[in-house]
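Written out below as structure tokens is the structure these notes cover.
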Number of protein chains: 2
Amino acid sequence: MTDEAWKIPDIAVAVDLAVLTVRSGALQVMLIERGIEPHLGMLALPGGFLSDVDESLDAAAERELTEETGLDTTGLHLEQLHTYGAPNRDPRRRVVTVCYLAFVPGLASPTAGGDARAAAWVPTAIALDPRTELAFDHRQIIEDAVERARSKIEYTTLAAAFCAPEFTVTDLRQVYEIVWGEALDPRNFHRKVTGVEGFLVATGGQTTRQGGRPAALYRRGPAHLLHPAMLRPPAPKPDSSRTS
Amino acid sequence: MTDEAWKIPDIAVAVDLAVLTVRSGALQVMLIERGIEPHLGMLALPGGFLSDVDESLDAAAERELTEETGLDTTGLHLEQLHTYGAPNRDPRRRVVTVCYLAFVPGLASPTAGGDARAAAWVPTAIALDPRTELAFDHRQIIEDAVERARSKIEYTTLAAAFCAPEFTVTDLRQVYEIVWGEALDPRNFHRKVTGVEGFLVATGGQTTRQGGRPAALYRRGPAHLLHPAMLRPPAPKPDSSRTS
DNA sequence: TCAAAAGTGTTTATGATACACCCATGT
DNA sequence: ACATGGGTGTATCATAAACACTTTTGA
């Protein structure tokens, strides 16, 4: 039997995870502080090598997340983001990493473990700040993950999952504003989300407020896809036409 | 220095290519007939293992395509589709394959080479027919690739690239109909594509026809993205309400 | 003059945006 | 009364779908 194994070079396969959430009014990403070389002590995404030839990529992603952050991954929805394999992205050897995105609410605070010296939620504004140093090509990965998360809430009902079990339309709008980094018109937003079938279910309850009309409370409806999709306001062009 | 190389299992990294085009009025995919085990003689996507630790994933994809099909890959736009890594997708050993999609016009007929015994364009209707046997998980990959190609022409001007340098609106519409497998209203389609800025540029020429009004000829315009996007007709629900 | 294919006009419906305005509560 | 935020009404615009109709050619 012909075999071509002779020409297969020694390449390691890793998985990395961009776990995003909305916490404390900010889009945050789970980062670890590396406890091993290379990039010892630097911030990085949780991840690591496939540990067993019989481990699926998805399973490896879940395992690494649990190992390094202590987060419970049962029922966690992971989706492949991209595979990064530039020849020199890891100084030790050739590593191809399959990256996963998890964009999920309600995760606990992490507990460092495995090869991670520390683990914490970090606002993406800080993680992507030019002054923040990140290991490997993880800055690029986080940028890709944020963009994917932004587009996911355009056509799914996922944003509602970041609200409390009972929430107001304003709570939901703030999730969109945080993730997109754009202000939305509260009135049009209200009409839109209450008009989409299966998105919100009124509970009949109302908020008690300090000043202002009480808001109706809603629970998540059965829909997972949004029809029609929520539209992100177009990024305003740099204004080069000021005459005065 | 701490190292964790001891726990890195022996995994091969491959690239596979789903090369799609529109030829002879059909959406077609480039398939090879395998010249080596496993699945000797079976239809498969072109692809193979990374051959060198310094070869990027993109470069490996181009190399494999040229080796197995003889196609010229200069200027070819490849985009990552997905990474498939189920533990038993290859009977020999653990293989993680990074799949690329190329959806491009004007490719020549292939010439088999490398590990391919034959190479040919195959209509996707045949490739995905239940009676067609495909190696590994390549049926799934082709399905994913077709879906991606279908959505790409919704929001890009790529479809026009499958027409001759000068083409009519009907030529362009037929590309959409072939890729989507749906009939479109010629009149609304005409208004739509001629109304999108930068999509089509009238050359002033006309077709000579056998019966029927001559059609205006167009060239591709400078736009790459479509605003607003072309809408795929919604898949009709199975009609369970026929009463007569 | 007729068939065939190209292209235009018109109607109707949907949805986005902007924003005026009213509603319900705490102070 | 009034500030505060919740929620509705409405005009205007952009686009999509359906389809009647006109235009331009070859036979």
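Below, chain A is the first sequence line, B the second, and so on; all start at residue 1.
- Identified under the side-chain hydrogen bond (donor to acceptor under 3.5 Å, both in side chains) test for residues 159-172 of chain B, with sequence neighbours left out: B:Glu166-B:Arg219, B:Thr168-B:Asp171.
- Nearest to the side-chain atoms of B:Pro214 among the listed nucleotides D:dG6, D:dT25, C:dT25 stands D:dT25.
- Every side-chain contact (heavy atoms from CB on, under 4.5 Å) that B:Pro186 has, sequence neighbours left out, goes to B:Arg173.
- With sequence neighbours excluded, the residues that form a ring-ring contact (aromatic ring centres under 6.0 Å, His included) with A:Phe189 are A:Tyr176.
- Only at 4.0 angstrom or more do the heavy atoms of residues 154-171 of chain A sit from any atom of DNA chain C, so none qualifies.
- Checked against salt bridge (charged side-chain N to carboxylate O under 4.0 Å, His left out), A:Asp58 has no partners two or more places apart in sequence or in another chain.
- The CZ atom of A:Phe189 sits 14 Å away from the P atom of D:dT8 (whole-angstrom rounding).
- With sequence neighbours left out, the salt bridge (charged side-chain N to carboxylate O under 4.0 Å, His left out) criterion links A:Glu62 to no other residue.
- The NE2-P distance, from B:His190 to D:dT23, rounds to 15 Å in whole Å.
- For A:Phe199, the ring-ring contact (aromatic ring centres under 6.0 Å, His included) criterion is met by no residue, not counting sequence neighbours.
- Judged as a side-chain hydrogen bond (donor to acceptor under 3.5 Å, both in side chains), the pairs with a partner in residues 138-147 of chain B (not counting sequence neighbours) are, in order, B:Tyr84-B:Asp144, B:Gln140-B:Asp144, B:Glu147-B:Arg232.
- For A:Phe162, the ring-ring contact (aromatic ring centres under 6.0 Å, His included) partners two or more places apart in sequence, or in a different chain, are A:Phe103.
- For the side-chain hydrogen bond (donor to acceptor under 3.5 Å, both in side chains) condition, the pairs that include at least one residue of residues 189-200 of chain A, sequence neighbours left out, are A:Asn188-A:Arg191.
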A correct 5'-to-3' footprint of nucleotides 18-23 of chain C, with B, S and - meaning base, sugar-phosphate only and no protein heavy atom under 4.0 Å, is BBB--B

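- Near-neighbour residues of DNA chain D inside residues 196-207 of chain A, defined by a heavy atom below 4.0 Å, are absent.
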